[in-house]
Every structure is written in C-alpha cells, then in structure tokens.
Amino acid sequence: MTTESYVEKPKTLSELREGIASGRLKATGLATSYYERIEQVNPALNVYLSLTKNRAFAQAARVDAAAAKGDPLGPLAGIPVGIKDVLVMRGAPATAGSKILKGYHPPYDATVVAKLEAAGATLLGKLNCDEFAMGSSNENSAYGPVRNPVDTDRVPGGSSGGSAAAVAANIAVATLGTDTGGSIRQPASFCGVVGVLPTYGRVSRYGLIAFASSLDRVGPFAANVRDAATLLSVIAGHDPCDATSSPAPVADYAAESDKGVEGLRIGVPAEYFGEGLDPEVRDRIETGIESLKKAGCTVKPVSLPHTRYAIPTYYLVATAEASANLARFDGVRFGYRSPSSATLSDMYSHSRDEGFGAEVKRRIMLGTYALSAGYYDAYYLKAQKVRRLLADDFLRTFADVDAIVTPTAPTPAFKLGEKTGNPLAMYLADIYTVTASLAGICGVTVPCGATKAGLPVGMQILAAHLNEATAFRVARAVEAAQS
Ligand code: GLN
C-alpha cells in the first residue's frame, strides 16, 4: 500500500448516546468536532458534496437543551449522520452525483431523513455517489471520485462510495446509502464497514431520486453491526407516502442481534465460490464460515442454480426502469438547462446531452432498446421471467437454512481507473450482490478479515424477506470472531 490511510473507528452509538444523556458530551460539541475532521480529510477523500451546518447545529442545540432538562432522548440523540446525495433534504442541494441536477434544492425531506432527525440525529451533509447511483466504483460521479480511506489509490466501491468512506474515515458515525444491485453492500465491503440491504419495501423511498424502482432500497452503514441494526429500526416501517412500503411491524433489530447464533442453519452456495473469486477473499470467507461453526451454527452446501443469469437479468431490468425514471430530467422541471437552444426539442436534447454523464446515457440507451416495440418480449419480459426463477432459488433454499453466506464481492477494492475503460468488467463484478436485489430479500455485509495488503474483505449474509433479525445475528457472530 502506497498511500496514507485515513481510517479511524468512530465511538459506538451507545457510548456516544450515553455521553450525551449524562451531559459529559454535548451534541453541539460533537457536531463541531465532526465538521473539523471533515475539513481536514474531505479534500483528500471527496466524500461530502455539501454540508448542512445550520440544520445540524440547530438540531444539536435542541438535543443539548433536552438533555439538560432531563427530557427523554431519541435513540440517535446527537449522533452525526451523513446522507447519500440521492435522498432529498429540504433546502439542501440534491445532485444525485449528476450535473443535470445542479442548482436543484428540493422543497421537502425524504421520509428517512425526517425519521433520523426525529430520533435525534445530527445530519451533517450530503455524500458523494455515482451519478444516479449507477456504478460500482464512485468514478461515475460528476463531482469526481471518492477515494477509499484504507488506500487512496483505490476506489471505495459504489454507488454509495461516499456513505461507506464516511464511516470508515470517521467523518460520520453512521450514514444512509441506497442499494439497487449492491450499492450498499459492495462499498461497505471495500471500506471495511457494515452495510445493510433491508428487504424490498422495509424502508420508505419517499424522497429518493429513483434509479430502478423495482430494485431501489435505502439502508444504513455503520462501523459495527449493532449500530447498523439500531439505524434500521429507526428508518424502517410503513410510510403512507410510499405505497411500496411494507406494513409489517418493525423489530428492535439491535436487541434481536444480541440473541446469538447457536443452532442456526447456514447455507453456502457453490455458485458464489467459483471462477473469478480472488483466492484471498475466498480464504477469509472460509475462515469466517469456520467461526460460525465454532459459534454453534450448522453449515451446509446449498445451490442457487440460476445465479449465472443474474448479471444480464439485472442489467436489463435496471436499465429499462432507469430509462423510464430518468425521462423526467428534461431541462424544464429540475436543475440544469442548456443555455443555447433554438427550439423546445433542442432544449430537451441539449440539456440531457450536456447534463448526463456517459454511463447514464449508456443505460438510458440500453433500457430504451430493451423496452422498445419488437424487443420487449425478447429482453425485458424474458428478464422478468428469469428474475422469478432467481427468487425461487432463494425461497426454496430458505426452507432449509436460516441464512446464506457468500463473499460480498469477488475482489477487494480495485485501483482507481482500473475498470473505467471496460464497463462490462465493471458490471460483472456485481455478480454476488445483484441476485438478492432481484429477489427482494435482505442482507448484511460485515467485515471479515483483510488481504495481506490490508484491504478489507466483506462477508455477505442473506436472509429471507423481512428476516433482517437473523442476518444481524449471524453478522454479530462474524464480527465477534474478528476481534
Ligand atoms: N453496481 C450496480 C450498478 O451499477 C449497482 C448500483 C446500485 O446498487 N445502485 O447498477
């Protein structure tokens, strides 16, 4: 490793919250020290796109006043949190990593933003990401790449690269990201932090700038499993503003995660340990599996035979939905408008041509093609049928096991620029994450050792729909075996 490391572990939520409740720590003081650290390290890492200081300090002052009076405090009282810039915050710039949204200041809060604040969190600012969350390296941001705090020559993963790097570098205690095909799990794995893919519908998407609506999910990042679980309990639940959100009751996931893993049945799918898997990653995951056995789990091989169709299926469904969702960026309603157009249709096409980056344009074209008359049945419809087969693989397997464990990504963090010339190689690296996205099931990625060069390896733990509690329990056991 050639470069300076910016890694620093934040204090745990319970330590910080205890400090604030007892008056030893002030929420305003914590906000000040986090903004100081952001000033020091953000120029090197490019994690924050904008800061929301006024709102943060107003909130922190409210928390300090409540603590001084002995009023009850929320579960995230005074905790500094960062928000991926595809989620809207009233009055703050929302770019989605794109030039086309430059200058857009949304007039409302995403439901998850409002919930975090109602729980006492201090919202520090908006985090860099791939443009419209399309990418696996954060190199598709119109505002420059994020650098991995572990090794700044390397990518932090994507698309929620800023959300993962912020926690790894301790410029937020926790963050929110989004995951459509792996964008929480893969960057968490690359940066050595915990990331959660909640079940589809578990967390409201009201106020999320949509990429692919049948796949998009919002979830937390944190430095340890328990903290990530606490955040999920805060943001999960039904939202009347999001018809796709589930009415199922929300568990106390942190308490659930304390329950241990004795007797849990763990499946290991052969399809995730084949060609293309880095030998060091394989070795660390196998060691992690051994530690689950020692903790009292039974481990058995399982098969998810349609895995090999997952990449083409995902890249058809996701691009088709993206082409529809991104039609709204027309130079009229939001953000950027091309200054020089003689006609209305020129204005549309120039605004989109100048406003969107290369990867977004590639996906709009792929998706439009897949949806067009004459091709719809051959591509989009077929992909939806394969999607069902992929989901059935998981449903069948979860009749026999409580959780499935896999590597989160086939390699550790790669170098900046290593895959930018080859979009297909970039897509193929999503192989272990897109399957759960297509199936709608939940999962957690947890640090599981590091390579000889010191690069973090993540283990992905998948569980059935709405069974986040089990994924957290297994993740806690893997985490405990690391220390
Ligand atoms: N890397 C995948 C893609 O580029 C996933 C992105 C995401 O989950 N937002 O589509």
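Counting convention: from 1, in listed order, for ligands and their atoms alike.
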Review point. Between Y206 and Y108, is the ring centre distance below 6.0 Å?
Key: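 Centroid separation for Y206 and Y108: below 6.0 Å.
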Exercise for review: Might you work through the side chain to side chain donor-acceptor pair (under 3.5 Å) test for Y6 and N148, ending with a clear yes or no?
Suggested key: CA-CA 8 Å; Y6 290 87; N148 192 320; over 6 Å; no
Point to revise | Parallel, tilted or perpendicular: rings of Y253 and F472 (30°, 60°) | key: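 The arrangement is tilted - the two ring planes meet at 30° to 60°.
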Review point. F334 vs Y104 aromatic rings, parallel, tilted or perpendicular, using cut-offs 30° and 60°?
Key: perpendicular
Could you pull out every donor-acceptor pair under 3.5 Å between side chains of residues 373-386 and any protein atom, sequence neighbours left out?
| unit_1 | atom_1 | unit_2 | atom_2 | d |
| --- | --- | --- | --- | --- |
| Y380 | OH | Q384 | NE2 | 2.8 |

**Study point:** Cation-aromatic face contact K99/Y336, 6.0 Å, 45 degrees
**Key:** yes
Revision key, fill the gap. For ligand 1, protein residues within the heavy-atom limit of under 4.0 Å are A133, M134, G135, S136, S159, D179, T180, G181, G182, S183, F211, Y314, Y315, R363, D430
